[in-house]
Structure formats: structure tokens, C-alpha cells
Amino acid sequence: MIATKGYAAQNVETDLAPWNFERREVGQHDVLMEILYCGVCHTDLHQINNDWFPGIFPMVPGHEIVGRVTRVGAEVTKFKVGDLGGVGVMVDSCRTCNECNKGLEHFCAVSPVQTYNSLGKDGAPTYGGYANNIVTQADFVHHISSKLNLPGVAPLLCAGITTYSPLRKWKVGKGHKLAVIGLGGLGHMGVKFGIAFGAEVTVLSTSEAKREDAKKLGAHHFVVTTNAKELASVKGTFDFILDTVSAKHDLALYINLLKIQGVLICVGAPAEPYELHAFALMTGNKVIAGSGAGGLPQTQEMLDFCAEHNIVSDIEIIDIKDIHPAFDRMVKGNVRYRFVIDMATLK
Ligand code: NAP
Ligand code: ZN
């Protein structure tokens with residue numbers, strides 16, 4: 001077994017704190033990576049708080065992982081020692097079901113395994129990236145371009161693919177008006193991809209303080225959603241809305257901003273279910289869609305796209321001991337725009 005240092009919540013009541021545990025030995029198809037940086041996704045907080053379902057504790061969160069390969073299994077040809085690698089939200093799947101065959105391993109119908117808060121095929125809990133190393137099947141590790149700023153790449157593994165994937169599915173691009181609700185970790189990546197794909201992008205934010213930043217990110221317009229007049233000015237104007245909000249909010253308010261036949265894509269995952277009257281959709285043939293992360297081929301495609309277009313996340317690097325103050329700031333919408341843990345601070 002491989003000795004590992006991490007930060008874990010021992011149960012839903014306790015804060016994250018240092019915890020030593022063991023990873024499995026490096027199997028024939030596995031790689032061992034030294035984790036250099038790990039992004040802090042709002043999902044990490046939802047999961048340690050049991051917002052969605054009872055979690056598996058102790059829980060080591062973290063699914064925006066970048067690091068360096070330090071050992072490879074005998075059958076691994078994809079990586080060699082010294083290569084950079086990235087791990088996102090999943091670490092295993094059956095690889096044979098219809099979904100896996102379509103490159104949708106994250107929707108594997110047989111044995112999907114999440115990076116943490118999940119059980120591996122061996123029945124053992126998985127532990128995430130708030131740690132100094134990880135052992136993962138090489139197929140679930142992505143190549144990272146050395147041209148990009150490495151800590152800024154970490155959030156691409158979740159926030160990046162989660163926003164890239166639906167914009168590609170709905171073919172959002174030139175001639176489309178796209179709004180992004182919530183300028184946080186996911187939201188700012190949605191803005192970057194929307195612009196890169198040629199859409200006219202509006203940020204819908206509760207935070208007036210983010211107006212200048214939105215402009216710097218390249219957004220064409222900025223609307224403070226608490227200002228009724230500003231909101232009314234964009235009624236019925238968007239082809240697509242990407243909803244990245246992490247907390248309860250009124251969907252009907254935003255659906256009202258769609259053009260006829262417009263699509264609102266939910267990627268944010270508040271703890272409470274949405275409430276919506278059917279009329280909000282029937283009037284104007286509106287569509288609500290959802291999207292979860294992305295499969296292996298599309299995650300690599302997104303990373304390659306980012307390398308080609310020099311796209312990384314805007315980040316604030318933190319010491320792992322400051323994880324709870326960082327969570328508190330994230331809940332207040334006060335993160336510009338993703339916290340990334342420097343794993344050297346774990347030593
Ligand atoms: P984040 O960095 O905290 O950003 C969320 C943003 O939503 C905030 O910055 C804030 O932006 C806005 N917001 C917060 N509370 C709001 C409220 N009550 N009403 C309106 N807007 C509000 O979080 P994140 O890491 O981007 O994650 C966002 C959500 O996506 C989380 O629920 C997370 O679990 C989920 N997620 C889903 C997937 C997936 O596969 N679909 C993957 C990763 C994460 P403003 O200040 O601009 O208003
Ligand atoms: Zn995430």
C-alpha cells in the first residue's frame with residue numbers, strides 16, 4: 001500500500017483536518033501521481049455537508065487534480081515517469097456498457113466510480129485530491145500541456161469540462177446570445193468558453209462588484225439580477241442560459257429571459273429541488289436541460305482546446321490549512337474565480 005497524507009472530514013460534523021491513509025498499490029494499468037495542485041469545487045463543500053445524499057466518511061474531497069507521474073504500471077504506455085497528468089471527477093467505469101462505448105464514462109450504467117465519496121470496483125472508498133498523491137487507472141488520467149500555467153489548469157478538470165461540454169452539445173457559438181448565471185468557478189469558465197466559441201456573452205450576477213471583472217474576462221454585457229430594471233432590459237433576449245448557481249434560486253425569473261425556444265442548461269446543483277410552474281416552459285416553448293461533467297474523450301478534447309487557445313482558470317492559490325476560510329468565501333460568492341490548493345503546503 002502507498003502511504004498518503006491528506007485532509008479529510010471524519011464525519012459531517014467535523015472540519016477538514018490532516019489525515020494519513022493508504023492508496024492501493026500501483027496495478028498494471030495504473031499510474032501513481034504526486035499531486036501538485038487541486039482546485040476547490042463547490043461540489044466539495046456540498047459533499048462534506050451531505051447536501052445531496054449521505055456521504056462516505058472519512059471523506060477526502062477534491063476532483064480538480066493536476067500532478068506529475070511518479071510511477072507507472074507494467075502495461076501503461078500512455079504515460080511515463082515525469083509526465084504531467086490531470087484527474088477529474090471520475091476514476092473508473094466498466095468500459096463496456098453503451099455509455100462507456102460512447103465516451104460517456106461518467107454515466108457508466110454498470111460501475112461508475114467517482115474520484116471521492118464513491119466505492120471502487122474493489123468495494124473500497126475512493127479518496128480525492130486534497131492529498132499528496134493518487135493512484136488511478138491510466139485511462140482516467142489526462143494529458144496536460146506544459147505550455148499552460150499548471151495551477152490554472154487544475155479547475156479545468158471539473159469546472160472546465162462541466163461548462164465546455166454543454167456549450168458543445170448545444171452548439172453554442174457565433175450568432176448566439178449566451179447568458180451565464182453566477183460568476184464563480186464554473187461561471188467564469190462558461191464565460192471564457194462562450195467567448196472562445198464566438199457567442200455574445202452576458203453575465204447575470206448577484207454581485208455588482210464583479211462588473212469590472214466580467215468585462216476583463218471578455219463578457220460583452222453584465223446584468224445585476226437584483227436590479228429589476230436591468231433584468232427587465234434583457235427579457236426574452238437569450239438563445240441559451242448556462243445556470244451555474246450553487247444555491248436555491250427562482251428558475252422562472254431566468255427562463256423569462258430566454259427567447260422563444262431558448263434553452264436553460266442547469267449545471268449548478270443546489271441542495272433543494274427547483275420549483276417551477278409548467279407555464280414558465282409552455283409559454284414560448286422553452287427548454288430546460290441539464291449537464292453533468294463530461295466523458296474521457298471530451299475532457300481531453302477540452303484540455304487540448306485550452307492549450308491551443310491559452311485558456312486557464314483565474315485562480316487564487318491557497319495553503320491547505322486555509323481550506324475552511326476559502327469555503328466560507330466561496331459560499332459568499334467571494335472567490336475570483338477558483339481557489340486552488342498548493343499541495344506543497346501539505347508537507
Ligand atoms: P461557486 O464558485 O461558488 O459559484 C457559484 C456562483 O453562483 C457564485 O459565485 C454566485 O455568483 C452565484 N450564486 C451563489 N448563490 C446564489 C444565489 N442564491 N442566487 C443567485 N446566484 C447565486 O461554485 P462552483 O464551483 O462554480 O459550482 C457551482 C455549482 O455547480 C455547485 O452547485 C456545484 O456543485 C455544481 N457543479 C456541478 C457540476 C456538474 O457536473 N453539473 C460540476 C461541478 C460543479 P454571483 O456572485 O455572480 O451571483
Ligand atoms: Zn467539481
Side-chain angles (χ1 to χ4, degrees), residues 38-53 61-65 86-90 104 106-107 112 114-117 128-130 154-167 169 179-192 202-214 217 219 222-227 231 241-251 253-254 265-274 289-295 298-299 302 313-316 326-340:
C38 185
V40 178
C41 181
H42 208 116
T43 294
D44 299 344
L45 188 58
H46 286 306
Q47 302 228 63
I48 58 171
N49 285 341
N50 282 353
D51 274 355
W52 302 326
F53 46 79
H63 59 201
E64 294 185 337
I65 300 167
V87 176
V89 302
M90 58 179 163
L104 300 173
H106 55 315
F107 300 138
Q114 312 296 313
T115 304
Y116 69 90
N117 199 13
Y130 293 11
L156 301 180
L157 275 305
C158 175
I161 184 62
T162 302
T163 49
Y164 181 93
S165 184
L167 297 184
K169 180 201 152 47
V180 176
I181 322 177
L183 197 58
L186 266 58
H188 91 292
M189 290 312 306
V191 170
K192 288 187 185 216
T202 300
V203 171
L204 303 174
S205 173
T206 58
S207 312
E208 174 62 44
K210 295 179 183 172
R211 189 179 290 272
E212 280 311 304
D213 283 3
L217 282 167
F222 183 88
V223 169
V224 175
T225 50
T226 48
N227 179 327
L231 201 63
I241 298 179
L242 184 67
D243 182 345
T244 75
V245 175
S246 51
K248 192 171 183 182
H249 57 292
D250 179 8
L251 270 194
L253 189 76
Y254 297 101
I265 308 157
C266 296
V267 290
E272 302 86 359
Y274 290 120
S291 192
Q298 197 176 39
T299 303
M302 178 273 311
S313 198
D314 291 8
I315 57 162
E316 192 176 319
F327 283 151
D328 294 344
R329 279 184 52 198
M330 185 171 70
V331 169
K332 291 183 185 132
N334 177 17
V335 45
R336 286 181 167 74
Y337 278 89
R338 192 56 130 193
F339 291 115
V340 170

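Both ligands and their constituent atoms are indexed starting at 1 by order of listing. These numbers were taken from a predicted model, which means no experiment stands behind them.
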Enquirer: side-chain contact (heavy atoms from CB on, under 4.5 Å) between E316 and V335: does it pass, once the steps are laid out?
Expert: CA-CA 8 Å; E316 192 176 319; V335 45; 5.7 Å; no

Enquirer: For a distance under 2.8 Å, give residue and atom name for each protein N, O or S atom next to the Zn ion (ligand 2).
Expert: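 Those protein N, O or S atoms (cut-off: under 2.8 Å from the Zn ion (ligand 2)) are C41 SG, H63 NE2, C158 SG.
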
Enquirer: Quick one, Q47 and F53 - any side-chain contact, counting heavy atoms below 4.5 Å?
Expert: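 Of all side-chain heavy-atom pairs linking F53 with Q47, at least one is under 4.5 Å.
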
Enquirer: Can you tell if the side chain of Y164 reaches within under 4.5 Å of the side chain of L156, non-hydrogen atoms only?
Expert: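 Side chain of Y164 against side chain of L156, heavy atoms only: no contact under 4.5 Å found.
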
Enquirer: As a test of reading the model: which residues have a non-hydrogen atom less than 4.0 Å away from ligand 1?
Expert: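 Close residues (ligand 1, cut-off 4.0 Å): C41, H42, T43, H46, W52, C158, T162, G182, L183, G184, G185, L186, S205, T206, S207, K210, T244, V245, S246, A247, K248, V267, G268, A269, S291, G292, A293, M330, G333, R338.
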
Enquirer: Side chain of T115, backbone of M90: donor and acceptor closer than 3.5 Å?
Expert: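 Confirmed, T115 side chain pairs with M90 backbone.
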
Enquirer: Supply the atom-to-atom distance L217 CG to Y337 OH, rounded to the nearest 0.5 angstrom.
Expert: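 Result: 6.5 Å between the selected atoms.
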
Enquirer: I'd like to know if the side chain of D243 pairs up with that of H249 as donor and acceptor (distance under 3.5 Å, no hydrogens or angles considered).
Expert: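 Side-chain D/A pair, D243 to H249: present.
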
Enquirer: For T202 and A179, indicate whether the former's side chain and the latter's backbone hold a donor-acceptor pair under 3.5 Å.
Expert: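 Side chain of T202 to backbone of A179: no pair is present.
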
Enquirer: Counting only N and O atoms by type, is there a donor-acceptor contact under 3.5 Å from the side chain of S246 to the main-chain atoms of P270?
Expert: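 Not confirmed, S246 side chain does not pair with P270 backbone.
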
Enquirer: Is there a side-chain contact between D314 and R336, using heavy atoms and a 4.5 Å cut-off?
Expert: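 They are not in side-chain contact.
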
